[in-house]
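Structure first, commentary second.
Each chain gets a letter, A, B and so on, in the order its sequence line appears, and its residues count up from 1.
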Amino acid sequence: MEKLPNLKIAFFGTSDRSLPILDSLNSNFYLVLVVTKTDRKIGRKQTIKRTAVKDWTLDKNIPLVELDKFKEGEAEKIVALFREYDIDYGIVADFSYIVPKELCAVLYGKLINIHFSLLPKYRGASPVQYAILSGDKSTGVTLQLLNFKIDSGDILQTIEYPISSKATSGELYKKLFEISAEKLPKILAGYYSGDIRSIKQDPGLISYTYSRSHNKNTFIYKEDAKIDWKNSSVEIERAIRAFNPWPIAWTTIEDLNSQQARSVLIGQGVNKKFIGEGHKIVKIYEADVVEGKLKPITIQLEGKTKTDWESFLNGYYK
RNA sequence: CGCGGGGUGGAGGAACGGCACCUCGUCGGGCUCAUAAUCCGAAGGUCCCGGUUCGAAUCCGGGCCCCGCAA
């Protein structure tokens, strides 16, 4: 394997799935700074949960900066640290904050974002979910130079990756992080040496991952995951995978009893119906398409634990 | 102490002071070349500890456990 240059790297990220990237950067270059989100209260007990990124960084004794948000003066601090540590590049992946314009401007060319689609397709916060939702056969990862406008930066490299017919968003994200971690060192080295040069995005191919329920917003909302029984079984099954592990596709007892739902679901007698309060939410974690019909596998009724579809029918379908 | 729902045979659910019921599974038997089909029969249950009551799955108090929202 060819020798990689001795680059000094900073990492901006929060997601637990970043760990492979951290490992990769740390073992191939000098990882000298990690920027992450402050600890949050989480769960029913509202206990403080430390991010895996924070644990990893403290464990390796690498300088850590925690941000609550980019507040006044925070960007300048980061720039100062880039100077102090003589940092060559900053890698930004699933950071959960928008990097301020001034930082993009001052450090332009040094900040590289890992985006989980083949840009310029699916700009925005939920690229993997929309790739699955749309039934795409493949998606991928794009390394782009961080620009003041979200996901509009010049592209260093794209890496295509197939979407299996069973893939959930969670699984695919994990995979794409791993691919990124694997390919990142060579790409950074190539960019550094000048072998890789950035290219502009094709304006004709731009698309965004707009929420169905919140106009002009690219995040996923719970309302987006409500199952529309007017859709085909294939589309619904894709939605179930796209919204796993969050927020999980859902419907209600009432909606399950609708004609539309019955025409999509498999194996239900017409004279039978679901009992229970109509407003109760039923989450569908996993489903198959069998003979053109939707066959749920794992479901969960509000307040209850997860169970399989057959058991649910035994109790609720009369 | 963020808000809320819930623990009933092996699984999923009814019953909400008065004989614990239903669907599925399990076991035995019948019918079948055979069967996840069908018929007959059987076993097996109220999370734990107190309290109220003639009587508690049900009401009250205290535990333990599960889950949704929120973040």
Roughly, in whole Å, what's the span from [atom1] in [X] to [atom2] in [N]?
X	N	atom1	atom2	result
A/Lys304	B/G6	NZ	P	9 Å
A/Asn314	B/A36	CG	C1'	14 Å
A/Trp250	B/C69	CH2	P	11 Å
A/Lys280	B/G4	NZ	P	15 Å
A/Leu301	B/A14	CG	P	9 Å
A/Trp246	B/C69	CH2	P	9 Å
A/Ile248	B/C67	CD1	C1'	14 Å
A/Lys306	B/C65	NZ	P	20 Å

[atom1] spacing across the pair [N] / [M], given as an integer number of angstrom:
N	M	atom1	result
B/G25	B/A36	C1'	12 Å
B/C48	B/A34	P	46 Å
B/G55	B/G18	C1'	7 Å
B/C47	B/A56	C1'	16 Å
B/A57	B/G13	C1'	14 Å

Less than 4.0 angstrom from a charged side-chain N to a carboxylate O is my criterion; do [X] and [Y] meet it?
X	Y	value
A/Glu178	A/Lys175	yes
A/Asp288	A/Lys166	yes
A/Asp255	A/Lys226	yes
A/Asp154	A/Lys200	yes

Residue mapping more 5' on RNA chain B - nearest nucleotide basis, A/Phe312 or A/Pro247 | A/Phe312
Which residue lies more 5' along RNA chain B, comparing A/Thr307 with A/Lys283 via nearest heavy atoms =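 That would be A/Thr307.
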Could you let me know what B/A15 is paired to, Watson-Crick or G-U wobble, both distances under 3.5 Å, or none if it's on its own?
-> none
Do A/Val65 and A/Leu146 belong to the same hydrophobic cluster, where Ile, Leu, Val, Met, Phe, Trp and Tyr are linked whenever their side-chain heavy atoms lie under 4.5 Å apart, directly or via other members?
->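 Per the 4.5 Å side-chain linkage, A/Val65 and A/Leu146 are co-clustered.
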Nucleotide nearest A/Glu302 when distance is taken to its side chain, options B/A11, B/G68, B/G5 |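 The listed nucleotide nearest to A/Glu302's side chain is B/G68.
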Which listed nucleotide (B/C67, B/C24, B/G6) is nearest to the side chain of A/Gln300?
-> B/C67
